[in-house]
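Here's a structure for you.
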Amino acid sequence: MTISLPPSLLATLPGHYYTDPAVFALEQSRVFEAMWFAVARVDDIDTPGKFETVDVGRESVILVRGRDGELRAFLNVCRHRGAKLCVDAAGETKRSLQCPYHAWTYGLDGKLIAAPNLTKMPDIDRTEWGLVPVHLREWLGYAWVCLADTPPSFEDTVMGAAAARLGDTSMIDHWEVDSLSVGRRIVYDVKANWKLIIENFMECYHCATIHPELTEVLPEFADGYAAQYYVGHGAAFADDAQGFTVDGSEGLDKISGVGEDQDRKYYAITVNPQVFINLVPDHVIFHRMFPVAADRTTVVCDWLYTKDVVASGRDVSHSVELFHRVNVQDFDACERCQPNMSSRVYAKGGVLVPSEHHIATFHEWLTSRLAT
Ligand code: FES
Ligand code: FE
């Protein structure tokens with residue numbers, strides 16, 4: 001039985017999209033392993049030998065900086081019998097990565113450089129039996145990887161998403177995001193499906209109810225239409241707000257490239273499937289989502305300031321606290337929904353009101369990807 005909806009309402013996805021491990025498995029292969037995925041802040045892997053490991057879809061990926069200064073990404077799988085090469089989330093090695101099982105040893109460029117009895121096996125091609133490389137791009141100071149054999153265009157799917165939102169290809173360059181430093185990083189363990197988090201970021205119907213501090217600074221957000229109509233071209237700060245801070249107090253040093261027309265404004269961008277970027281004159285808030293299971297998502301949020309601000313050790317807490325509260329408020333709301341995604345009431349899903357109708361395009365995007 002299909003429920004006929006009045007024109008004001010559009011259907012959401014059915015509840016099982018948020019709970020079913022089979023849907024999550026399909027998302028792993030057709031979304032997270034198929035698209036560009038922001039995995040690490042490049043500055044965190046800044047010297048030869050430094051590495052990080054991250055899960056992308058069902059794979060573990062190792063990012064390591066080579067002796068030549070180049071950052072590379074490989075599947076974190078030993079070519080011998082499949083042991084996970086690195087189990088640490090981050091670390092530093094000297095010249096090589098050695099498998100702890102039978103000691104196959106790989107150079108930081110991925111080539112097989114040593115193994116017990118390797119000289120007695122002259123027919124082994126050391127490049128062919130090296131680590132399997134993963135496509136890697138650097139943008140906004142982040143390393144983005146793609147596990148697809150032929151990745152989608154980075155320019156269209158990642159840079160294009162930001163340009164479409166801001167209405168200008170080069171506008172994001174004003175924030176010089178790659179030159180900023182991490183002033184604070186907070187990792188949130190959210191007991192909710194990744195799509196609930198994206199959908200929440202896409203709408204502002206909830207802002208008046210759950211974000212009192214944010215709506216103080218951005219009064220347009222008290223009207224539920226903000227996400228749809230204002231954010232792309234900048235939501236104005238309240239007249240009495242001196243900065244984008246929890247109490248409206250003054251912010252930090254303005255990023256020098258930010259122009260007059262972008263001053264005292266807030267911009268928000270979603271890059272499917274797992275990145276949210278918020279731009280304000282003195283900082284950038286960069287969220288990376290790592291879907292862990294159908295009902296669990298790790299969100300890593302970086303607050304980025306100019307190098308001078310971070311090096312000076314100035315207090316960024318009023319600035320961080322505003323969006324930290326927003327995050328906690330949003331993630332609580334998502335966690336409130338998650339258990340009810342399996343309720344009989346939600347078997348056919350819920351509804352989107354007009355100020356949320358644009359979320360239907362996200363659902364169309366997702367279902368078309370899952371159908372491929
Ligand atoms: Fe890695 Fe054997 S599995 S050396
Ligand atoms: Fe919110």
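Computed from heavy atoms alone, side chains included, the values below leave out hydrogens, waters and symmetry copies. Note that ligands are numbered from 1 as they come in the structure, with each ligand's atoms numbered from 1 the same way.
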**Report entry** Close-contact set for ligand 1 against Ala83 heavy atoms, below 4.0 Å
**Finding:** 3 (S)
Query raised in the report: What protein heavy atom is closest to atom 3 (S) of ligand 1, reported as residue, atom name and distance in Å?
Result: Arg81 N, 3.3 Å
Query raised in the report: Below 6.0 angstrom between ring centroids: does that apply to His283 and Phe323?
Result: no
Report task. Give the numbers and elements of all ligand 1 atoms closer than 4.0 Å to a heavy atom of Ala103. Result -> 4 (S)
Query raised in the report: Using a heavy-atom cut-off of under 4.0 Å, does the side chain or the backbone of Ala115 touch ligand 1, or both, or neither?
Result: neither
Query raised in the report: Tell me: protein heavy atom nearest atom 2 (Fe) of ligand 1, and distance?
Result: His102 ND1, 2.0 Å
Requested in this report: Drop me the distance from Glu356's CD to Glu199's CD, to the nearest 0.5 angstrom.
Outcome: 9.5 Å
Report task. Using 2.8 Å as a strict upper limit, say whether an N, O or S atom of Cys99 approaches atom 1 (Fe) of ligand 1 that closely. Result -> yes
Query - N/O/S from Cys78 sitting under 2.8 Å away from atom 1 (Fe) of ligand 1 - result: yes
Query raised in the report: Would a line drawn from the ring center of Phe290 to the ring center of Phe37 be shorter than 6.0 Å?
Result: yes
Query - Heteroatom of His206 nearest to the Fe ion (ligand 2) (N, O or S, atom name) - result: NE2
Query raised in the report: Does the pair Glu27 and Leu370 meet the rule for a side chain to side chain contact (heavy atoms under 4.5 Å, CB included), with working shown?
Result: CA-CA 7 Å; Glu27 290 170 346; Leu370 297 188; 3.8 Å; yes
Requested in this report: Step through it carefully: locate the ring centre of Tyr266, locate the ring centre of Phe221, and say whether they are under 6.0 Å apart.
Outcome: yes
Report task. May I ask you to list the atoms of ligand 1 that are less than 4.0 angstrom from any heavy atom of Trp104? Result -> 4 (S)
Query raised in the report: Would you say the SG of Cys207 sits under 2.5 Å from the SG of Cys204?
Result: yes
**Report entry** Name of the Asp330 atom (N/O/S only) found closest to the Fe ion (ligand 2)
**Finding:** OD1
Query raised in the report: Using 4.0 Å as the upper bound for N to carboxylate O, is an ion pair formed by Arg41 and Asp302?
Result: no
Query - For atom 2 (Fe) of ligand 1: the N/O/S atom of His80 at shortest distance - result: ND1
Requested in this report: State yes or no: are the ring centers of His363 and Tyr17 separated by less than 6.0 Å?
Outcome: no
Query raised in the report: Got a sec: is His211 within less than 2.8 Å of the Fe ion (ligand 2) via an N/O/S atom?
Result: yes
